[in-house]
J.: 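Have a look at this one.
In what follows, every chain begins at residue 1, and chains take the letters A, B, ... in the order their sequences are listed.
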Amino acid sequence: MLSGITLTGIHEWEVPLGYVPDMRVSGRLFLSETLGEALEEGAARQLANVATLPGIIGHSFGMPDIHWGYGFPIGGVAAFSEDEGIISPGGVGFDINCGVRLIATPLTLGDLTDRTSIITELFKKIPTGVGSKGSLRFSGSALDELLGRGSAYVIEEGLGLPDDALLCEENGHMKDADPDLVSEKARKRGEPQCGTLGSGNHFLELQVVSKIHDPLTAQAFGITEGSICCMIHCGSRGLGHQVCTDHIRNMEKASKRYGIRLPDRQLACAPLTSSEGQNYFGAMAAAANYAWANRQIITHDLRTLFESLFRIDYNEMPLIYDVAHNIAKWEEHIVSGKTQRVCVHRKGATRAFGPGRAELPGKYRDTGQPVIIPGSMGTASFLLAGTETAMQKTFGSTCHGAGRVGSRKAAKKALRGSEVSADLKKQGIIVMAPSGDAIAEEAPSMYKPSEEVVRVVDEAGLSRIIATLMPLGVIKG
DNA sequence: ATGTAC
């Protein structure tokens, strides 16, 4: 572990005041000894830098998948007070509401013997890759509706089941969204892209439930051992990216205007009460709604394809849950014994609300919310449940995934996509992507083991492991 | 992550 950072609990480390100058609160990191050895000095410094920002409450948090990011670390969580706090695009990330959802099916392994043809059909149906366009166009008032209402709008347009929106974090819709705050440039980028996967670590994957760790909760979540489910990981595409870019420029000016001292200009931010802060919030929320609509349309395409490939019905493929990995939002948390409204930034982190929270759908209110943690192409993904400990310790937050070990550039140099695909095929996993490089960059060996990250949050109490999901076939960008 | 460049 880096010097100055000390163990204070189970997998819990303190980044003390003074780790960088002007920290207002200390940092908290959740790491095993092994993951601690891999902690980048830059990521620890970024975590400490966040602790210097006005109005931060509690601690600046780092999850076990923490790594260096734009300004704020990826795998970071920070909450800010309503009156003195700030909002920062760097604390959300470029891919606003990048997130993941899990869909159940009535299928079992025996139904998926010809995985190559199933993955081929999915790859034909769902556009992937940088700049990819879908078959639908949302412009003018349709785009306003989509940005303003998220999942609910596309479901009303016939692209989902009535319950789908309720089974998303925030019910698939941030009500603070203001489509008028999304620039024309961002809108233009978004018009043809809703219903597309994108590139990088985004994917659609067919998985088998290989192990149930908690039968009662698994039952409440609607999954059984041996059943097939589908995980979709994507975000707000070029639209969200453009919203972030647009507002970072504004925020750089705003930080100066409000006299906020920044240890790193990538922490550009504005008071939550300022017009710049509220403008970003409204645009970010609209981009978040776009991302939920995006995952919803892909879900619709999956269901209609599976209806035609198998003898199953659209409504036999319910959404288990949909979580955001990159978002900032208002939430009520108990701070020093009092309920307080705070703006929680989660960047590469997942909400993990425990039992009893009013925001959760009735059927998950006793178990805590489903938390969906993707692994890499060849490794396990996990379904977990939120906990009361997460409410008390991390503003109801946990990790979001495995985290890279090597750069994309290094991956392309060291590996050939065709060899990675062949290796995966030997394990029974079929991979399709627009290019070999896309597969090389995402090779399982380029990611930390997801098991270790999930073990840490489980043992630290930030969430509970409910089920292990093993990959069978994947389409990537 | 991203029409991978202001």
J.: Listing request: all ring-ring contact (aromatic ring centres under 6.0 Å, His included) pairs with a residue in residues 121-142 of chain A, at least two apart in sequence or in separate chains.
T.: none
J.: Between A/Ser199 and B/dT2, is there a contact of a side-chain N or O with OP1 or OP2 at under 4.0 Å?
T.: yes
J.: In whole Å, I'd like the distance from the CG atom of A/Leu239 to the P atom of B/dT2.
T.: 12 Å
J.: Take the protein atom CG of A/Leu197 and the nucleotide atom C1' of B/dT2, then report the distance between them rounded to whole Å.
T.: 14 Å
J.: Please confirm whether the ring centroid of A/Phe353 lies under 6.0 Å from the ring centroid of A/Tyr364.
T.: no
J.: Tell me: NZ of A/Lys412 to P of B/dT4, nearest whole Å?
T.: 13 Å
J.: Strictly by salt bridge (charged side-chain N to carboxylate O under 4.0 Å, His left out), give each pair with a member in residues 369-380 of chain A just once, sequence neighbours left out.
T.: none
J.: If you look at every strand shown and take non-hydrogen atoms under 4.0 Å, does A/Arg249 touch a base, only sugar-phosphate, or nothing?
T.: nothing
J.: Heavy atoms under 4.0 Å, any strand shown: does A/Gln193 hit a base, just sugar-phosphate, or nothing?
T.: sugar-phosphate
J.: Heavy atoms under 4.0 Å, any strand shown: does A/Gly238 hit a base, just sugar-phosphate, or nothing?
T.: sugar-phosphate
J.: Measure from NE2 on A/His241 to C1' on B/dT4 and round the result to the nearest Å.
T.: 8 Å
J.: Given atom NZ of A/Lys185 and atom C1' of B/dT2, what is their separation to the nearest angstrom?
T.: 12 Å
J.: Starting at the 5' end of DNA chain B and moving along, which residue's nearest nucleotide shows up first, A/Val130 or A/Glu442?
T.: A/Glu442
J.: Find the distance A/Ile96:CD1 to B/dT2:P and express it as a whole number of Å.
T.: 12 Å
J.: Could you state the atom-to-atom distance from CD1 of A/Ile248 to P of B/dC6 in whole Å?
T.: 12 Å
J.: Would you find a donor on one side and an acceptor on the other, under 3.5 Å apart, between the side chain of A/Arg24 and the backbone of A/Thr52?
T.: yes
J.: For the pair made of CD in A/Gln242 and C1' in B/dT4, what is the distance, rounded to whole Å?
T.: 14 Å
